[in-house]
K.L.:
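Sharing a structure here in structure tokens format.
Remember, it's a predicted structure, so these values are computed and weren't measured experimentally. Proteins come first, then strands; the chains are lettered A, B, ... in the order of their sequence lines, and each starts at number 1.
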Amino acid sequence: MRHYLDELNDVQRAAVTTTEGPVLVIAGPGSGKTRVLTYRIAHLLEQGVAPWQILALTFTNKAAREMTERIERVVGAKAKEVWAGTFHATFARILRAEARAIGYPSSFSIYDTDDTTSLLRRIITQEMGLDPQQYSPNALRSRISLAKSNLITPALYRTNERLLEEDRQARRPYVADIYERYVARCKRAGAMDFDDLLLQMHYLLQNHPDIADKYRRRFCYVHVDEFQDTNHLQYAILHLLTKYPGSPENLFAVGDDAQSIYAFRGATIDNMLNFSKDFPRRQIFKLEQNYRSTHHIVTAANEVIAHNRRQLPKTIWTARTDSYKVRLLRCLTDDDEARRVVDLILEQKNRFHLRNSDIAILYRTNAQSRKFEEQLRRQNLPYRVFGGLSFYQRKEVKDFLAYLRLAVNPYDEEALVRIINNPARGISVTTVYKLGQHAQVNGLTLWEAMTGAELPERARKAVSNFRALVESWQRRAAVEDAYSIAADIYRQSGLLAALKSDVSNEEGIGRLENTNAVLDAIAEFTAQAKNLASLEEQGSADSSLAAYLQTVSLLTDADLADDHADHITLMSAHAAKGLEYRSVFITGMEEHLFPSYFSLETPGGLEEERRLFYVAITRAKELLTISYALSRYRNGQLREASPSRFLGEIGRDHYENLGGIGSRRIAAEPARATVSGNFSRPTPAQRPSILTDDFKPSPPEDIVPGVRVRHLKFGEGIVQSVEGARENRIATIRFSGDDIPERRLVLRFAKLMIV
DNA sequence: TGACTGTGGGTTTTT
DNA sequence: CCCACAGTCA
């Protein structure tokens with residue numbers, strides 16, 4: 001067996017084996033970044049470092065999981081004991097253990113963006129009596145988030161002239177007050193928002209030397225993936241963890257400034273620059289060879305990114321010279337775009353024997369997915385949409401989770417407001433309002449106000465009944481495992497009955513199924529946690545409802561994905577970061593869409609959009625198609641659009657136009673004539689024709705799965721499956737004696753006879 | 001009190 | 001176009 005170090009190039013190996021001291025790896029797209037990270041951790045383990053001494057922080061759960069799996073392949077089961085997780089999940093786990101030190105319950109709730117927004121709305125309208133149009137809850141949310149990400153507390157906010165001036169300009173002088181109240185309300189509810197998970201972690205390390213000491217000693221080797229996307233606060237935490245008197249400064253950061261696409265939420269590539277200042281002993285490695293993509297794709301990407309001023313110098317190159325040019329698809333409308341993209345997908349699947357999972361459609365905004373979904377459905381192509389309204393954001397799922405949250409943390413105001421009268425139990429809006437007033441006047445939580453507020457008899461009874469019900473769950477949640485209590489809550493809350501009573505339509509059935517799926521997930525979580533607890537001697541695995549909720553709050557749709565299913569992927573360019581596909585479609589390349597309208601007004605916005613485009617381009621391994629439409633529906637009306645300025649930044653040598661407007665035939669034609677000279681096309685093996693006197697092609701509609709057919713070139717075979725609709729139906733056929741296991745033929749063209 | 005209808009407003013990316 | 005909220009009616 002090859003040694004794992006032999007699977008690395010010189011630079012990669014040097015990075016992997018530099019185990020001591022600060023290291024910064026600047027890694028271009030497809031340069032083996034994940035490989036370096038995982039092999040380095042594997043290397044540390046081989047050198048005898050204990051797995052629990054290694055911390056690896058990522059941005060997505062998926063990246064963390066993938067890393068663990070890959071380490072496992074090199075060093076086996078002990079990989080599972082490495083602390084690999086997202087910033088948020090890892091810190092949530094630590095904060096849960098140390099909650100007391102910072103005055104939170106260990107079963108603190110985690111507020112997602114919806115919770116945050118609705119709390120802000122209530123503060124703005126009810127508590128402060130301000131106009132929600134002037135003080136848009138969404139705008140406030142991102143403003144507060146940005147403040148937190150830069151370690152600006154409400155008190156500091158009040159003294160920050162720049163922020164105050166910005167607020168005055170925007171005619172929102174009370175932002176600081178809203179911020180302050182928001183923080184107080186979260187604290188009172190025993191809740192942390194996403195930013196708090198970082199902020200409280202920072203606070204913990206900074207103000208509790210004993211605790212800081214504990215984790216510093218524990219995490220001897222700290223790794224960070226996607227370092228370019230860390231914000232100031234995350235960097236500050238890393239700094240606290242790894243830089244202290246006598247520290248070995250074992251911080252290993254991997255990133256690519258050219259792929260920094262989260263500046264809008266506070267990420268700053270300053271962190272990559274500050275790294276050298278804060279860790280003068282640091283070593284820098286540059287991974288510049290791209291192993292993923294072919295020549296035209298890499299060059300096109302380089303040309304685009306060269307238009308950015310702010311970047312670290314590096315030269316990304318590839319040894320893969322065989323390549324198709326980038327194909328540019330000019331479309332009439334967004335409908336036309338979707339149709340032609342899906343036509344091209346069918347063509348590519350046929351020509352290049354692509355699986356559905358080899359293909360991704362990327363776009364700038366999630367709203368663009370709809371048109372592609374329609375077309376893919378029409379052609380019976382399996383697909384999966386990532387992002388958009390997540391499973392966990394669905395009303396019925398959130399409702400159920402709110403009940404569970406309340407059972408664990410009664411002060412969780414967002415959860416309480418959400419379900420206090422859902423399903424209806426006689427607690428009216430007026431009643432809730434009165435409770436809220438009572439809470440505000442007396443500085444109580446809503447939960448506490450439920451016992452003291454003056455209410456009419458009927459309402460009082462409804463409230464006290466509900467409170468008693470929740471209290472019974474709370475007692476049980478403290479001792480029972482997640483599943484047994486969740487299953488009872490599902491029934492006793494009346495949720496199950498309410499959902500069951502409304503299954504007259506597709507949507508109602510969907511709601512019931514979704515909620516059931518949550519319960520199934522809890523069953524699985526409970527079983528897994530118990531299983532783990534029996535394996536680990538310390539029994540640290542926690543099967544409580546509180547543990548489940550803190551896990552689930554940080555999950556996204558991407559974490560539900562079934563990677564084994566063969567489907568076409570639809571996602572935003574942001575979501576595609578870190579992924580790769582043989583064929584990538586970047587769609588909606590129009591001014592005001594990509595780059596977005598918004599970005600043009602933000603300083604540095606255009607460069608960020610360009611980096612995003614760079615990320616999108618470099619997802620493609622072999623085939624890259626870029627499309628734009630001349631008009632597009634926005635807000636229900638057709639609007640003119642012009643091609644994105646970024647298109648002009650790709651050199652003429654690296655792309656070809658795929659036909660004019662609406663000429664669908666050109667799209668379906670082989671691109672042979674326009675493809676560059678130096679590529680080797682994966683041509684199917686030529687075999688002698690089977691001569692038959694009586695060969696009569698059968699009509700395409702007769703070719704159905706299971707039928708035995710004869711082809712003049714490939715001989716006899718069995719039809720495995722048929723997909724696509726009408727003219728575009730494609731049959732997958734297994735020919736006996738063929739050297740290719742399965743062939744995919746477009747029935748419109750293929751001459752097949754049923755035998 | 002709760003369900004339904006109409007209106008008005010927002011509309012980038014996400015842990 | 002789609003969602004959230006407000007106002008109306010049973």
Side-chain angles (χ1 to χ4, degrees), chain A residues 57-64 85-92 110-114 116-118 121 125 132-133 136-139 141-142 145 148-149 192-199 226 229-231 233-234 260-267 334 362-368 370-371 386-390 392-393 395 421-432 456 458-459 462 498 502 550-559 571-577 588 592-602 605 608-609 611-613 615-616 632-639:
Chain A
L57 297 169
T58 63
F59 276 84
T60 64
N61 296 298
K62 200 177 167 204
T86 64
F87 279 89
H88 292 85
T90 305
F91 297 162
I110 296 174
Y111 279 179
D112 67 11
T113 33
D114 289 348
T116 295
T117 310
S118 86
R121 180 180 299 278
T125 58
Q133 310 216 329
S136 141
N138 270 318
R141 174 168 51 73
S142 62
S145 173
K148 287 186 175 180
S149 303
M192 297 195 200
D193 64 19
F194 290 139
D195 299 307
D196 286 333
L197 293 173
L198 308 177
L199 203 57
E226 309 282 11
D229 288 332
T230 52
N231 62 33
L233 174 54
Q234 285 162 323
S260 161
I261 53 174
Y262 287 109
F264 72 92
R265 65 174 199 214
D334 45 356
L362 308 183
Y363 33 74
R364 180 65 181 81
T365 67
N366 284 314
Q368 289 164 253
R370 190 169 305 261
K371 302 278 175 182
F386 292 84
L389 190 62
S390 132
Y392 295 105
Q393 287 177 322
K395 185 184 174 302
N421 197 38
N422 171 25
R425 53 173 66 86
I427 303 175
S428 70
V429 186
T430 319
T431 305
V432 177
R458 216 166 68 175
D502 178 31
Q550 289 183 350
T551 311
V552 80
S553 304
L554 300 170
L555 289 182
T556 63
D557 250 18
D559 302 310
M571 59 168 74
S572 70
H574 279 90
K577 194 184 62 171
H592 301 318
L593 186 56
F594 203 166
S596 83
Y597 182 71
F598 237 48
S599 70
L600 303 178
E601 298 179 339
T602 324
E608 173 140 316
E609 295 285 310
R611 290 192 295 268
L612 183 59
F613 186 40
V615 166
R632 175 178 298 276
Y633 274 95
R634 292 186 58 143
N635 298 349
Q637 50 182 334
L638 200 64
R639 301 219 184 145

K.L.:
Does D193(A) come within less than 4.0 Å of K148(A), counting only side-chain N to carboxylate O?
P.N.:
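Looking at D193(A) and K148(A), the cut-off is met.
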K.L.:
Is the base of dT15(B) touched by the side chain of R265(A) through a donor-acceptor pair closer than 3.5 angstrom?
P.N.:
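Donor-acceptor pair under 3.5 Å: no.
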K.L.:
Measure CD1/I110(A) against C1'/dT14(B) and give the value in whole Å, please.
P.N.:
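From I110(A) CD1 to dT14(B) C1': 15 Å.
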K.L.:
Would you say a side-chain N or O of T60(A) is under 4.0 Å from OP1 or OP2 of dT14(B)?
P.N.:
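So the side-chain polar atoms of T60(A) never come under 4.0 Å of the phosphate oxygens OP1 or OP2 of dT14(B).
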K.L.:
For the base of dT13(B) and the side-chain ring of F264(A), does the geometry meet a stacking cutoff of under 5.5 Å between centres and under 30° between planes?
P.N.:
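So yes, this residue stacks on that base, both cut-offs being met.
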K.L.:
Is S572(A) close enough to dT13(B) that one of its side-chain N or O atoms is under 4.0 Å from OP1 or OP2 there?
P.N.:
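No, no such contact exists.
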K.L.:
On the nucleotide dC2(C), are OP1 or OP2 found under 4.0 Å from the side-chain N or O atoms that R370(A) carries?
P.N.:
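Yes, because at least one side-chain N or O of R370(A) sits under 4.0 Å from OP1 or OP2 of dC2(C).
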K.L.:
What integer distance in Å separates Y363(A):OH from dT14(B):P?
P.N.:
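Going from OH in Y363(A) over to P in dT14(B) covers 10 Å.
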K.L.:
When you check the phosphate oxygens OP1 and OP2 of dT1(B), does a side-chain N or O of R425(A) lie under 4.0 Å from one of them?
P.N.:
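No.
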K.L.:
I need the NZ-P distance between K148(A) and dT15(B), as an integer number of Å.
P.N.:
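It works out to 18 Å between those atoms.
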K.L.:
With a 6.0 Å cut-off on the ring centroids, do H88(A) and F59(A) count as close?
P.N.:
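No: the rings miss the under 6.0 Å criterion.
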K.L.:
Give the rounded distance in Å between these two atoms: OH of Y262(A) and C1' of dT14(B).
P.N.:
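Roughly 6 Å, once rounded to whole Å.
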K.L.:
Between the protein and nucleotides 4-9 of chain B, which nitrogen or oxygen pairs come in under 3.5 angstrom?
P.N.:
none

K.L.:
Atom CZ of R141(A) and atom P of dT15(B): how far apart are they, to the nearest Å?
P.N.:
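Computing the R141(A):CZ to dT15(B):P distance gives 13 Å.
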K.L.:
Under 4.0 Å from OP1 or OP2 of dT13(B): is there any side-chain N or O of N366(A) that close?
P.N.:
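Indeed, a polar side-chain atom of N366(A) lies that close.
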K.L.:
To the nearest angstrom, how far is R458(A) atom CZ from dG2(B) atom P?
P.N.:
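Going from CZ in R458(A) over to P in dG2(B) covers 9 Å.
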K.L.:
For F386(A) and dT13(B), what is the distance between atoms CZ and P respectively, to the nearest whole Å?
P.N.:
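Atom CZ in F386(A) sits about 16 Å away from atom P in dT13(B).
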K.L.:
Within this structure, what is the CG-to-C1' distance between D229(A) and dT15(B), rounded to whole angstrom?
P.N.:
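Interatomic distance, CG of D229(A) to C1' of dT15(B): 11 Å.
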